[in-house]
Amino acid sequence: MSPETMSELNIQLTRKQQEMLLRGLRYVRSSIALDAQNWSEQLEEERHQKYSEIAELESLLNGAKIVEAAAI
């Protein structure tokens, strides 16, 4: 995701939604790290690219506007 796209995206989450999405991204990052494949430079490059994409999403979620859930 480019910086221009990130700055144009405006999301509002509850704290619980934000935490759930961040927890899911940690799970995805762990699954990438634990994916048992024969090591190669290409595989390592792909993993670093995926880690970078996850970090961008985490940054976006950490900057999301937190809204209070409406009382029902």
Side-chain angles (χ1 to χ4, degrees):
M1 192 175 295
S2 70
E4 295 82 21
T5 305
M6 288 178 56
S7 65
E8 294 173 8
L9 184 60
N10 182 16
I11 58 174
Q12 294 183 357
L13 301 169
T14 64
R15 178 76 56 199
K16 184 176 180 179
Q17 290 170 325
Q18 181 191 40
E19 290 171 3
M20 186 181 304
L21 290 170
L22 290 169
R23 187 174 36 237
L25 287 174
R26 286 190 295 271
Y27 178 82
V28 170
R29 184 179 27 245
S30 295
S31 73
I32 292 167
L34 297 173
D35 188 12
Q37 296 183 28
N38 291 330
W39 185 90
S40 71
E41 264 187 55
Q42 181 181 359
L43 175 63
E44 194 67 21
E45 188 175 313
E46 289 173 4
R47 283 184 176 168
H48 283 291
Q49 178 62 33
K50 290 176 184 177
Y51 292 150
S52 177
E53 291 171 0
I54 290 169
E56 286 180 33
L57 285 171
E58 285 176 329
S59 177
L60 179 65
L61 289 172
N62 283 321
K65 181 178 178 182
I66 302 301
V67 295
E68 297 297 321
I72 297 177

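Rounded to the nearest 0.5 Å, atoms CG (L57) and OG (S52) are 10.0 Å apart. Separating the CD atom in E46 from the CD atom in Q42 is a distance of 4.5 Å, to the nearest 0.5 Å.
Around the CD atom of Q37, the shell of radius 6.0 Å holds more than 12 heavy atoms that belong to other residues, nucleotides or ligands. By the 6.0 Å contact criterion, CD on E44 is enclosed, its count of non-hydrogen atoms from other residues, nucleotides or ligands being greater than 12.
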Under 3.5 Å, which donor-acceptor pairs do the side chains of residues 16-23 form with other protein atoms, sequence neighbours left out?
from: Q17; atom 1: OE1; to: T14; atom 2: N; distance (Å): 2.8
from: Q17; atom 1: OE1; to: T14; atom 2: OG1; distance (Å): 3.4
from: Q18; atom 1: OE1; to: R15; atom 2: NH1; distance (Å): 3.0
from: Q18; atom 1: NE2; to: L61; atom 2: O; distance (Å): 2.7

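Side chain of S30 to backbone of R26: a donor-acceptor contact under 3.5 angstrom is found. Within the 3.5 Å criterion, the main-chain N or O of S31 finds no donor-acceptor partner in the side chain of D35.
If you check the side chains of Q49 and E53, you find a donor sitting under 3.5 Å from an acceptor.
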